[in-house]
Protein chains: 2
Amino acid sequence: MTEDTMTIGQMCRCFGVTPRALRFYEQKELLSPIREGQNRYYTPRDRARLKLILRGKRFGFSLAEIRELLELYRLGDGQVTQLSATLQSAERHRADLIAKRDELATAIGELEAQMDVIRQMLAERSQSRRAAE
Amino acid sequence: MTEDTMTIGQMCRCFGVTPRALRFYEQKELLSPIREGQNRYYTPRDRARLKLILRGKRFGFSLAEIRELLELYRLGDGQVTQLSATLQSAERHRADLIAKRDELATAIGELEAQMDVIRQMLAERSQSRRAAE
DNA sequence: CCGGAAGTTGACGTGCGCGTCAATCCCCTA
DNA sequence: TAGGGGATTGACGCGCACGTCAACTTCCGG
């Protein structure tokens, strides 16, 4: 721990993932921990990226898509690599996320409606019970 | 088309899926089209279910999870199969969906913040250009 | 009667996201 | 000096969600 870096084991305990997964993400260029000899040391930046990775997975994005998303946060690398292209990419991702959020809202609404139906059935059932007695 | 049912080919064109996928969903008990001889005929109910399936997939749910969700909409089958249990299951799913929606909102906010950073960099760049001329 | 389009059931293949070994290495403590 | 804990790199395996054949049957127009 040269600084505020973490070993792979610490990362695993911290985020609830396996070493295998972290190495896999590294191979897919989603993470790039410091390699001191053979060992890996994860910086705060790696941790932030891992958070984004895990969140992306919860939303059903593939690792390839998550990789793209991570690129958007990787500014400041020498050449100002087509900032406007990056911005356009970000715009697309934003639209995608917003569509998903709205669709989720719809799904929640439908589920709640269905829950009301169930509650209604429960109420009727207890009423017919009382009537039978 | 005895009624307002559809063949597998019509379903595929309508929803942009393959026959293989539809048969796979059937095998996993997510769909149960009418079987007339060997052929399949999909009812409006099947179409509604397929919509839910595809939406669930977009949210990153597994087919097993989607199956559970579909169960919640399957009421009215003879015995009032533990309505309260169904309601509890629905409650869990609702909480899950809401958590996801909120997380998505956060992600959108972060992405928009990053977009502002990029716009800022673009603005500074065009300013230094003008200054250099 | 024949061809083509659409449907069917297996059965094997494929890409993704890791799990699960094995064999090895390094460091620390007892 | 020996062992234990944690790390490493292959390499193979696995579950999911289908894709992709092959080998039919059924129907319908010409």
Specify the separation, in whole Å, of atom CZ of B:F61 and atom P of D:dC16. 17 Å
Would you classify B:K57 as touching base, sugar-phosphate or nothing, given that sugar-phosphate means primed atoms plus P, OP1 and OP2, and contacts are heavy atoms under 4.0 Å? sugar-phosphate
What is the separation between atom CZ on A:R35 and atom C1' on D:dA7, rounded to the nearest whole Å? 10 Å
Kindly compute the distance separating CD (A:E26) from OG (A:S32), expressed to the nearest 0.5 Å. 7.5 Å
Can you sort out which residues in residues 18-27 of chain B have a heavy atom within less than 4.0 Å of DNA chain D? Ascending by number, please. B:T18, B:R20, B:A21, B:F24, B:Y25
Approximate separation, where rounding is to 0.5 Å, of A:L70 CG and A:I53 CD1: 5.5 Å
Do B:R101 and A:K100 make a side-chain contact, defined as non-hydrogen atoms from C-beta onward lying under 4.5 Å apart? no
Below 4.0 angstrom, N of the basic side chain to O of the carboxylate: do A:R49 and A:D46 qualify? no
Measuring from atom CE of B:M115 to atom CG of B:L122, what distance do you get when rounded to the nearest 0.5 angstrom? 11.0 Å
B:I66 CD1 to D:dC18 C1', straight-line distance once rounded to whole Å: 13 Å
Can you measure B:N39 atom CG to C:dT8 atom P for me and round it to whole angstrom units? 5 Å
Atom pair CG (B:L69) and CD (A:Q114), whose distance is rounded to the nearest 0.5 Å: 10.5 Å
Between A:R55 and B:E110, is there a salt bridge with N-O shorter than 4.0 Å? yes
Round to a whole Å and report the spacing from CG of A:L54 to P of C:dG17. 13 Å
Taking DNA chain D as the partner, which of residues 44-51 of chain A come within under 4.0 angstrom of it by heavy atom? none
Could you check how far CD of A:Q10 sits from P of D:dG5, rounded to whole Å? 17 Å
Take atom CD of B:E29 and atom C1' of D:dA17, then tell me their distance rounded to the nearest Å. 17 Å
How long is the line joining CD1 of B:I8 and P of D:dC18, in whole Å? 13 Å
